[in-house]
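Just below is one structure, and these are the notes that go with it.
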Amino acid sequence: MNTQPSRWRKSSRSHQQTACVEVGRVEFGAAVRDSKDRAAGHVEVPARAWRSFVTALKTGSLDR
């Protein structure tokens, strides 16, 4: 995938911290980048995989 992400945002749980990840939209899913090193680029994730990841976070299935 080679698109420019748009609408970057940090998690609402990040509050005013700077060491966070940001998520942006791309045509077929989500883009993820480090908020303190934006110049390093981003990783793109297909929509289905992103939805699965978010669901796992919300349900606590990634908690140990």
Side-chain angles (χ1 to χ4, degrees):
M1 292 179 223
N2 191 13
T3 57
Q4 288 298 318
S6 63
R7 297 173 48 191
W8 288 103
R9 63 185 178 90
K10 288 195 297 187
S11 168
S12 60
R13 293 182 182 231
S14 298
H15 303 290
Q16 298 300 319
Q17 297 182 20
T18 57
C20 308
V21 296
E22 294 177 314
V23 178
R25 292 183 182 257
V26 290
E27 186 175 356
F28 298 104
V32 182
R33 70 182 178 188
D34 183 344
S35 65
K36 65 184 179 306
D37 191 9
R38 293 176 179 145
H42 64 274
V43 175
E44 294 183 14
V45 183
R48 186 174 187 172
W50 184 252
R51 283 191 303 270
S52 294
F53 175 68
V54 170
T55 298
L57 288 174
K58 288 180 178 181
T59 62
S61 64
L62 298 176
D63 295 344
R64 291 189 179 218

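The first residue in the sequence is number 1, and the count goes up from there. Basis for what follows: all heavy atoms, side chains included, without hydrogens, waters or symmetry-related copies.
Considering CZ of Arg33 and NZ of Lys10, their distance stands at 10.5 Å, rounded to 0.5 Å.
Residues passing the salt bridge (Lys or Arg N to Asp or Glu O under 4.0 Å) test with Arg51: none are found, sequence neighbours excluded. With sequence neighbours excluded, no residue satisfies side-chain contact (heavy atoms from CB on, under 4.5 Å) with Asp63. For Thr59, the side-chain contact (heavy atoms from CB on, under 4.5 Å) partners are Thr55, Ser61, not counting sequence neighbours. For the side-chain contact (heavy atoms from CB on, under 4.5 Å) test, residues two or more places apart in sequence or in another chain that qualify with Val21 are Val32. Ala31 is linked by a side-chain contact (heavy atoms from CB on, under 4.5 Å) to Pro5, Trp8, Val26, His42, Glu44, counting only residues two or more places apart in sequence or in another chain.
Counting all heavy atoms, side chain and backbone alike, Ala30 lies closest to Val23 at CB-CG1, 4.1 Å.
With Glu22 as the fixed residue, the salt bridge (Lys or Arg N to Asp or Glu O under 4.0 Å) test singles out one of Lys36, Arg38, Arg9: Arg38.
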